[in-house]
There are 2 protein chains.
Amino acid sequence: MNSAPRPMIDVAIVEDNVPLGESLRMVVDSMEQARCVGVWTSAEEGLRKIDAFRPAIVLMDINLPGMSGIEATARLKREFPEIQVIIVTVHRENEKIFEALKAGACGYLIKRSRASDVRQAILDVHNGGAPMSAEIARRVVEAFHSAPAKAAPEEAAVHLSVRETEVAKLVAEGLANKEIADRLDLSIETVRGHLKKIYDKLHVRCRTEAAVKYLDSIRDRNPFG
Amino acid sequence: MNSAPRPMIDVAIVEDNVPLGESLRMVVDSMEQARCVGVWTSAEEGLRKIDAFRPAIVLMDINLPGMSGIEATARLKREFPEIQVIIVTVHRENEKIFEALKAGACGYLIKRSRASDVRQAILDVHNGGAPMSAEIARRVVEAFHSAPAKAAPEEAAVHLSVRETEVAKLVAEGLANKEIADRLDLSIETVRGHLKKIYDKLHVRCRTEAAVKYLDSIRDRNPFG
DNA sequence: CCGTCAACTACCCATTCGGGTTGAGCGGTG
DNA sequence: CACCGCTCAACCCGAATGGGTAGTTGACGG
C-alpha cells in the first residue's frame, strides 16, 4: 500500500484438466506479485475470453481437446504478441515443446512441477527470462545457430580431392561401396579408403551425413556434378 | 571402477589471463568426468592446436587479444561443428554474449563463477544443455520466434506417416538406428520397421538415398522440421 | 463383432559399414 | 634428397544395416 504499488502480473490458465487447472490457480494466487484472472478448459474458450482479461502471461496446456495448445499459442501471439505464453506439458514431449516455442511460447513448465517452480517460471518470464530445461535450451540455441549462420556463411574450405569428390558424389546418389568401386573402376577397399578421408574432412561418421553435407556444399557452389 | 568406464570429457581452455586460465584448468581437472587437454592464451593458438587435441568442449574467453573469442568461435564451429563452445565472459556483456551464441557457442560462464558453476556448465553442455541466464535465454528464444512462422502441421511430404516422417528426418540428420530409437523413445526394431516402410514408399534401398529424397521433398517447405 | 491400418516389437541372417593400421607408387616442393 | 599429399590397395573386426517374416495393440468404421 505504498506509493509504488507494483502492478500485479495477470495470469490466465488454459488447462482442460480441471484439478490441475485449479491447482495452478491456487499457486498463482498465492503469489504476492501475481494473480489468476481466469482458468479456461479449452483453447477455443481461452482465445475467446483472453481479449477481455488481457493477462500478461498465459499458462497453456500443450495437449488440449480440439485445438492444440501449440495452435492456440500461435494464434494468440499473432493477435496479442505482448502476451507471454508458458507451455504446460507432461514430461517427454520434446518435439511438441519445440513446436510450441516456434509458435511463440517463451518457455514451459512440466506438469508435475512444484509450486515454487511455477512461481519461479512466472517471475522468470515477467523479468524477461525463458524458463526451460537444459535439453530444450540447447535445441533452441542450436536451431538458432543455423539460421543466422546462413546470413554470412562461406563454408569451411574443406577441400575434397578430385577422387574424393567423385566418391562423395556417388555416395550422395545412394550407391553402395561396391557399386562405387565398379563405377570408378576401383577396388572396394580403395573406395573405403577415400570414404574414411571424406568422413575425416567433413567431420562426419557415416555416409548419410557425408551425403547430406556434400550436397549441401555444392548447393551454393558451381554444381558441375 | 566398474565395467562402464565413461570416456572423459576433454576440455580445452582459451584464456589470455594466465591465472584465470590455470584456475579453470584446476577446476576442470578436479572433475571425475572431465580433464583439461590444454590451456591456450590466444584464439590463434587455440585454433592452431585444437585439431590435435580435439576437445569435446572449449571454454572460450570472449575478450582476447588479436582475434576475438566470437570470431574464434565462429571459425571453430565451421571447422569442427561437433565441438561445443562455452563462452567465458565478465558479467553483463549481453551484446557480445548474444553475438557469441549466434556464432555457435552453446552457453556461457561468468568469469567470477564458482568452481561448482563451472563444473555444472561443463556437465550441462555434455548432457545436451545450454548454460545461460534467463535474460539471454529469452533473447535467444525471441530471435528464434520471428524466423519460422508456422505452427502445427505435420504434412507427410509424400506419403509417409507421421512416425515415418520423424524417422526419415533423423535419418537425414545422419543418426544411426540406435540413436533414432533413443531420440524417439522407441525400440531399435521399431525404427528398423519404419525404415523398411520408408524405403518401400520412397522406392529406395538404403538410408542415404532415403535421406536425400526426404530432404529434397521438404526443401521447398519449412526450414525446420 | 470384424476387418483394416498404423504403430510397435521381435528374431534370423547375409552383407555392408566404419575404424584402425599398414604400405606402395607418384608427383610436386622445400 | 626428403617430405608430403593424393591415389590405390589390403586385412581385421565388431557393429550396423537391409530384408524377410511374424505377432500384438489400439483406433476407426463398417
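Labels below follow one simple rule: chain letters A, B, ... track the order of the sequence lines, proteins then strands, and each chain is numbered from 1.
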Legend entry - Ionic contact status for Lys196(B) with Asp200(B), cut-off 4.0 Å: no
Inset, instruction - Return yes if a side-chain donor-acceptor contact under 3.5 Å exists between Arg192(B) and Ser187(B), otherwise no. - result: no
Inset, instruction - Dump the intermediate steps for salt bridge (charged side-chain N to carboxylate O under 4.0 Å, His left out) on Glu179(A) and Arg183(A), then the final yes or no. - result: CA-CA 6 Å; Glu179(A) 298 171 312; Arg183(A) 194 78 76 86; over 6 Å; no
Inset, instruction - Run the numbers on Leu195(A) and Val167(A) for side chain to side chain contact (heavy atoms under 4.5 Å, CB included), then give the verdict. - result: CA-CA 7 Å; Leu195(A) 224 21; Val167(A) 172; 4.1 Å; yes
Legend entry - Between P of dG5(D) and CD1 of Ile198(A), the distance in whole Å: 18 Å
Inset, instruction - Summarise protein proximity over nucleotides 5-23 of chain C in one line of letters, 5' to 3': B for base, S for sugar-phosphate only, - for none, counting protein heavy atoms closer than 4.0 Å. - result: --SSBBBB----BBBBB--
Legend entry - Option passing side chain to side chain donor-acceptor pair (under 3.5 Å) with Glu164(A) (candidates Lys201(A), Lys169(A), His194(A)): Lys201(A)
Inset, instruction - Could you check how far CG of Leu202(B) sits from C1' of dG19(D), rounded to whole Å? - result: 17 Å
